[in-house]
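Heads up, the thing below is written out as structure tokens.
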Protein chains: 2
Amino acid sequence: MADDVVSTERSRGGMSEQRRRRVRLEISREAARLFWAQGVDGTSGDQIAEAVGLSTRTIWRHFRSKESCAEPIVAQSVEWELATLRSWPLHRSLEEHFATEAKRLVSEISPSEQADAGLGVKMIRLAETEPALRTAWLMACDQVEHELAAVIATRLGLKPDDLQIRLHAAAAAAALRVINEYVGAGLLDGTDPRKLGDESFAFIADAVRTATGGAVGDPVQVDEAPAAPDEGAADRQE
Amino acid sequence: MADDVVSTERSRGGMSEQRRRRVRLEISREAARLFWAQGVDGTSGDQIAEAVGLSTRTIWRHFRSKESCAEPIVAQSVEWELATLRSWPLHRSLEEHFATEAKRLVSEISPSEQADAGLGVKMIRLAETEPALRTAWLMACDQVEHELAAVIATRLGLKPDDLQIRLHAAAAAAALRVINEYVGAGLLDGTDPRKLGDESFAFIADAVRTATGGAVGDPVQVDEAPAAPDEGAADRQE
DNA sequence: CAATATCTGTCACTTAGTGACACTGTCACT
DNA sequence: AGTGACAGTGTCACTAAGTGACAGATATTG
């Protein structure tokens with residue numbers, strides 16, 4: 001997940017997708033910095049353009065609106081949760097999986113990703129008072145909710161659009177949102193990061209377990225094909 | 001809750017509050033109608049102004065943005081849930097309370113309120129595809145979440161900003177949101193209203209109960225002062 | 001190098017939203 | 001009745017967000 005990988009993933013024309021994401025992220029970084037420093041209303045599209053070294057017109061080609069400039073940074077700040085959820089094997093408990101994934105993450109994270117994460121936390125904080133940004137944050141949470149619906153559906157052996165699944169996913173995602181906001185606020189208010197991160201996995205898992213009435217969080221029995229006792233389903237990459 | 005009450009509730013100057021809410025609701029009605037008929041992007045501020053018979057400038061005096069014109073109608077569509085939650089006595093179960101309140105509501109609702117409710121459902125539906133409107137809907141859900149936090153806090157004897165309470169409130173509010181979306185979509189797709197409303201109270205209550213790990217939904221023992229066995233705390237009016 | 005397709009800048013333009021000021025009706029006090 | 005204060009609205013000029021259209025730059029392929 002380092003940010004200097006360059007794939008030869010383009011078949012024709014421009015380096016679409018790969019490059020586009022980079023540009024969007026670059027813009028998002030500057031926008032987030034300015035939003036945090038001056039507020040959203042106090043920041044103009046021209047300022048963002050100047051900060052990132054592009055013309056204003058190009059900004060609007062990459063983002064539909066000023067506030068949406070914050071989306072990539074916010075989305076990236078929940079990306080690791082998303083990835084972790086996606087790679088959650090049936091036979092493990094949520095706290096186990098979170099703990100090992102977090103350990104793996106700490107060793108792999110790059111300085112620039114760390115800076116991005118900081119900006120993301122700031123945007124989430126800002127979203128509490130700036131309605132314009134709240135949309136970006138809630139969109140990211142929506143993303144989590146959908147991913148969660150898929151994960152829960154496979155765990156319980158039901159369809160993702162089943163009403164019961166949607167209820168569980170919504171409740172669990174809401175719990176995760178509250179925890180994210182709580183942890184983020186704590187970090188910004190100067191709480192020691194280690195104090196927050198240390199034993200929180202059990203807390204997170206319990207929150208999810210509670211929100212889903214105990215249906216989600218524990219290992220799941222695999223009845224049909226007990227012939228795959230290793231890692232398992234980490235095959236998708238957004 | 002009839003819409004023709006006129007109170008002498010102003011001490012000086014204009015009839016602030018009372019009148020302002022009426023005007024905002026009027027604007028919201030027309031805006032919602034236009035949004036539904038032509039889409040949000042296809043509706044201009046000038047059109048809204050003309051439809052409601054005011055100048056465009058006055059529209060912007062009542063609403064910060066075009067999309068926020070939908071807020072009052074959306075908010076009103078969850079207002080009864082809010083009121084029901086507020087008046088939920090400690091000693092009753094959620095399904096009991098919802099059932100009796102719903103019965104009371106059916107007899108008191110006015111035709112224009114029914115029309116407003118229809119518009120509200122349409123806006124919620126529209127919010128699924130129009131990001132601009134999603135904000136309004138999520139704001140209303142936020143409102144529910146806060147109210148719920150207060151209600152749950154008193155039920156469990158804790159502070160509303162307690163993390164556990166916030167988790168419960170968020171999860172329960174998310175469940176209510178999903179149910180609202182589900183029921184709304186059903187209504188618009190032509191499902192018989194009675195089929196949906198008939199036995200849904202137990203379902204709603206169970207959803208809340210599940211989302212809060214069973215902590216919210218059942219009657220609560222009143223230890224301290226058992227000297228008030230009647231309705232109770234329905235004193236606030238927004 | 002030529003051909004082609006994508007990306008970007010510039011400029012004119014529409015639309016959302018604000019500021020400033022004038023006008024009108026209502027209330028309060030005389 | 002007269003007058004002043006004030007809230008609500010309309011009008012007009014203005015800023016800022018966002019789009020369309022076209023031209024120039026850049027990169028990829030043959």
Side-chain angles (χ1 to χ4, degrees), chain A residues 6-28 30-32 34-35 38-72 130-136, chain B residues 6-28 30-32 34-35 38-72 130-136:
Chain A
V6 170
S7 100
T8 51
E9 184 67 39
R10 43 22 198 283
S11 49
R12 293 247 12 265
M15 60 272 276
S16 253
E17 298 310 298
Q18 201 75 5
R19 171 150 172 69
R20 184 175 179 80
R21 287 172 61 111
R22 290 281 286 265
V23 175
R24 279 174 58 89
L25 192 57
E26 188 70 26
I27 296 172
S28 194
E30 296 303 323
L34 289 168
F35 287 166
Q38 319 174 336
V40 179
D41 290 346
T43 302
S44 72
D46 290 340
Q47 275 181 296
I48 299 174
E50 193 187 351
V52 73
L54 287 173
S55 84
T56 310
R57 185 63 184 88
T58 301
I59 303 296
W60 303 136
R61 262 194 271 264
H62 285 282
F63 293 97
R64 315 174 293 287
S65 68
K66 191 172 65 169
E67 318 83 62
S68 66
C69 288
E71 276 169 21
E130 297 262 13
L133 281 192
R134 187 133 192 100
T135 302
Chain B
V6 171
S7 101
T8 50
E9 185 66 39
R10 58 345 213 297
S11 48
R12 292 248 10 268
M15 59 274 274
S16 253
E17 299 308 300
Q18 202 75 4
R19 171 150 172 72
R20 183 173 180 81
R21 289 172 58 112
R22 291 280 286 264
V23 174
R24 279 174 58 90
L25 192 57
E26 189 69 27
I27 296 172
S28 194
E30 297 302 325
L34 290 168
F35 287 166
Q38 317 173 335
V40 179
D41 291 345
T43 304
S44 72
D46 290 339
Q47 276 180 296
I48 298 174
E50 193 188 350
V52 73
L54 288 173
S55 83
T56 309
R57 183 64 184 88
T58 301
I59 302 296
W60 303 136
R61 264 195 271 263
H62 284 282
F63 293 97
R64 315 176 292 289
S65 67
K66 191 171 67 169
E67 317 84 61
S68 65
C69 289
E71 275 169 21
E130 297 261 15
L133 281 191
R134 188 135 191 98
T135 303

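Here is the naming used below: chain letters follow the sequence lines, and residue numbers restart at 1 for every chain. No hydrogens, no waters, no symmetry mates; every other heavy atom, side chains included, goes into these values.
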(message) Please list, in numerical order, the residues of residues 55-71 of chain B that have a heavy atom closer than 4.0 Å to any atom of DNA chain D.
(response)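 Result for residues 55-71 of chain B: B:Ser55, B:Arg57, B:Thr58, B:Arg61, B:His62, sorted by number.
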
(request) Output the residues of residues 39-53 of chain A in contact with DNA chain D, where contact means a heavy atom of the residue under 4.0 Å from an atom of the strand; sort by number or write none. (result) A:Thr43, A:Ser44, A:Gly45

(message) In dot-bracket form, 5' to 3', how is DNA chain C paired? Count Watson-Crick and G-U wobble pairs only if both distances fall under 3.5 Å, and write | where the partner sits on another strand.
(response) ||||||||||||||||||||||||||||||

State which residues pass salt bridge (charged side-chain N to carboxylate O under 4.0 Å, His left out) with [X]; sequence neighbours excluded, sorted by chain then number.
X: A:Glu67; value: none
X: A:Arg134; value: A:Glu181, B:Asp142
X: B:Arg64; value: B:Glu71
X: B:Arg61; value: none

(request) Name all residues meeting the side-chain hydrogen bond (donor to acceptor under 3.5 Å, both in side chains) criterion together with B:Glu130; count only those two or more places apart in sequence or in a different chain, and write none if there are none. (result)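 Scan of B:Glu130 (side-chain hydrogen bond (donor to acceptor under 3.5 Å, both in side chains), adjacent residues dropped) gives none.
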
(request) State which residues pass side-chain hydrogen bond (donor to acceptor under 3.5 Å, both in side chains) with B:Gln38; sequence neighbours excluded, sorted by chain then number. (result)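 side-chain hydrogen bond (donor to acceptor under 3.5 Å, both in side chains) check on B:Gln38 returns B:Thr43, B:Gln47.
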
(request) Mind checking side-chain contact (heavy atoms from CB on, under 4.5 Å) for A:Glu50 and listing every partner two or more places apart, or none if nothing turns up? (result) none

(request) Please examine the side chains of A:Arg20 and A:Arg24, heavy atoms only from C-beta on, and report whether any two atoms are closer than 4.5 Å. (result)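 Yes, their side chains come closer than 4.5 Å.
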
(message) Within the 4.5 Å heavy-atom criterion, are B:Thr58 and B:Val23 side-chain neighbours or not?
(response)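 No, too far: nothing below the 4.5 Å cut-off.
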
(request) List the atom of A:Val40, the atom of A:Phe35, and the distance in Å for their closest heavy-atom pair. (result)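 Nearest pair, atom of A:Val40 first, then A:Phe35: CA-CD2, 3.8 Å.
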
(request) Measure from CD1 on A:Ile27 to C1' on C:dT8 and round the result to the nearest Å. (result)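 Checked: the CD1 to C1' distance equals 11 Å.
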
